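Notes to accompany the following structure.
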Amino acid sequence: MRVVVQQEPFDLGAEAAAFAAGHRDMGAIVTFTGVVRDLPETPITAMEIEHYPGMTEAALTAMAQDAGSRFGLGDVLVIHRFGRMAPGEMIMMVATAAPHRKDAFDAAQFLMDYLKSRAPFWKREISADGSVWVASKDEDEAALSRWKG
Amino acid sequence: MRVVVQQEPFDLGAEAAAFAAGHRDMGAIVTFTGVVRDLPETPITAMEIEHYPGMTEAALTAMAQDAGSRFGLGDVLVIHRFGRMAPGEMIMMVATAAPHRKDAFDAAQFLMDYLKSRAPFWKREISADGSVWVASKDEDEAALSRWKG
Amino acid sequence: MDVLYFAWVRERIGLPRERIDSDAATVGELVAELRKREARYAAAFADLSALRVAVDQELSDFDAPLQGVREVAFFPPMTGG
Amino acid sequence: MDVLYFAWVRERIGLPRERIDSDAATVGELVAELRKREARYAAAFADLSALRVAVDQELSDFDAPLQGVREVAFFPPMTGG
């Protein structure tokens, strides 16, 4: 299990390849990568992510451990950046390895649902007019309910 | 959209990085990779995959197009190998890019469910005692039902 | 018409493909003809529920018509992914 | 005890953290104390349903006790991923 919180970009290709190479006994590997969308029609020039040093690492580690035991994973990787990112840059990734595909997919979705609403990150969109905190979405909160109990 | 049917190994890291780099307007990228499980307790020395040249490419292309339109994808990648593979080798991968995470995850699972039971591949496990055709699983057929209609 | 066999269907029949001239109107009629040929065909086609069929490279079923068809393939349920 | 503020809570209050000596028994009592301090605190804590709290770096709620606690953090709902 590896949990990384960093300002620097990460290398999806290198991370995915290294993660897969370490789990030859697992039949299924899923990765999710989140990207600052680069949309021609929006005036957003950057995304800035604030976080809670100390709590962030602890929360991500707890989520990764929870996912590992719930879904019988062989391994979990979570990388999440903070600071300023340009459109098109990668924000975060998760990777899961499981014997079979359903658990690998479920675990990756579980991690994403928790990350979205329970990890102490706050996004702000920067444009020429100033900056706006991204509002949390009811649908993200609702997505958590399927993992309860 | 890219569909590849080949005997040679593929490079997950290079494929994932290239796929993501091409879709800066998509917020969510999911990959699934299938691996020949390398289990210490089994006598399996290789996996051999037979396919139906011509039909395979057509079936995978139809599935990728279907996934693209159902889930509003920005792009889809499907790579599937045939021939003989050693334990630990990668068999196949899919990648999906969508504006938001739910569609990227759903599309990857849809593709996997269809690939498992509707793409003309047949797996055979090779051991010192001979070879055995892998039986299809009822659960794989059942997994398709959620995408109907 | 070309008739193709894959996986254990190919192994039981002992060849991957053959040219067959048949007046069978449907896949089911073609199967009935093949079964009568030899024991190895009868064995391969003993249980149709364990078989799948593709007509001109599209998944199909046993009552599909064969008029104008160039290629029919028989195989067990697929196990890709 | 250290009290931390993040995102727009930090912006409204105008600082990221401060040392507060308080006899508040719960997070809710601490919030009531802070609200009385100055308008900027009252503004930040106007709507508790828009706020989340962590006690010693664990997500918690407003009736959590503060005895023995070293760090309380207030922030809006998280938007990670």
Side-chain angles (χ1 to χ4, degrees), chain A residues 10-42 47 74 86-102 104-113 115-116 123 137 139-140 142-143, chain B residues 10-42 47 74 86-102 104-113 115-116 123 137 139-140 142-143:
Chain A
F10 59 90
D11 182 337
L12 168 61
E15 295 290 349
F19 185 81
H23 305 288
R24 296 159 45 97
D25 56 337
M26 294 287 132
I29 291 162
V30 169
T31 70
F32 176 90
T33 308
V35 176
V36 183
R37 294 177 70 187
D38 189 2
L39 299 169
E41 67 271 24
T42 69
M47 168 88 85
E89 282 190 54
M90 293 177 193
I91 303 169
M92 49 74 60
M93 74 173 286
V94 301
T96 59
H100 302 291
R101 75 186 186 284
K102 184 177 189 306
F105 273 122
D106 283 352
Q109 288 180 283
F110 170 88
L111 279 168
M112 288 309 303
D113 287 347
L115 258 165
K116 282 272 170 190
K123 289 195 184 109
K137 289 185 199 143
E139 70 195 63
D140 284 333
Chain B
F10 60 89
D11 181 339
L12 167 61
E15 295 290 351
F19 185 81
H23 304 289
R24 296 162 43 98
D25 56 337
M26 295 287 133
I29 291 162
V30 169
T31 70
F32 176 91
T33 309
V35 176
V36 183
R37 293 177 70 186
D38 189 3
L39 297 170
E41 68 270 27
T42 68
M47 167 87 85
E89 282 191 54
M90 293 178 194
I91 303 169
M92 49 74 58
M93 73 173 285
V94 301
T96 58
H100 302 291
R101 75 185 186 284
K102 184 174 190 309
F105 273 121
D106 284 353
Q109 288 179 282
F110 170 90
L111 279 168
M112 288 310 304
D113 288 346
L115 258 165
K116 282 271 166 190
K123 289 195 182 110
K137 289 186 198 141
E139 70 196 60
D140 284 334

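In the text below, chain A, chain B and the rest are named by the order of the sequence lines, each starting its count at 1. On a predicted model such as this, the values are computed, not experimentally measured, just so you know.
Residue B:Asp11 does not touch chain A at all, counting heavy-atom pairs closer than 4.5 Å. Heavy-atom distances place no part of B:Lys102 under 4.5 Å from chain A, backbone and side chain included.
Atom-to-atom distance recorded for A:Phe10:CZ and A:Thr33:OG1 is 5.5 Å, nearest 0.5 angstrom.
Remark: A:Met26 engages A:His23, A:Ala97, A:Pro99 in a side-chain contact (heavy atoms from CB on, under 4.5 Å) (not counting sequence neighbours).
For the options A:Ala108, A:Ala143, A:Ala14, heavy-atom pairs under 4.5 Å to chain B are most numerous at A:Ala108. By number of non-hydrogen pairs under 4.5 angstrom with chain A, the leading residue of B:Lys116, B:Glu139, B:Met112, B:Arg24 is B:Arg24.
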Expected list for residues 87-95 of chain A: side-chain donor-acceptor pairs under 3.5 angstrom, two or more places apart:
unit_1, atom_1, unit_2, atom_2, d
A:Glu89, OE1, A:Arg81, NH1, 2.9
A:Glu89, OE1, A:Arg81, NH2, 3.1
A:Glu89, OE2, A:Ala86, N, 2.9

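Looking at every heavy atom in both residues, B:Ala16 comes nearest to A:Leu12 through O-CD2, 3.8 Å.
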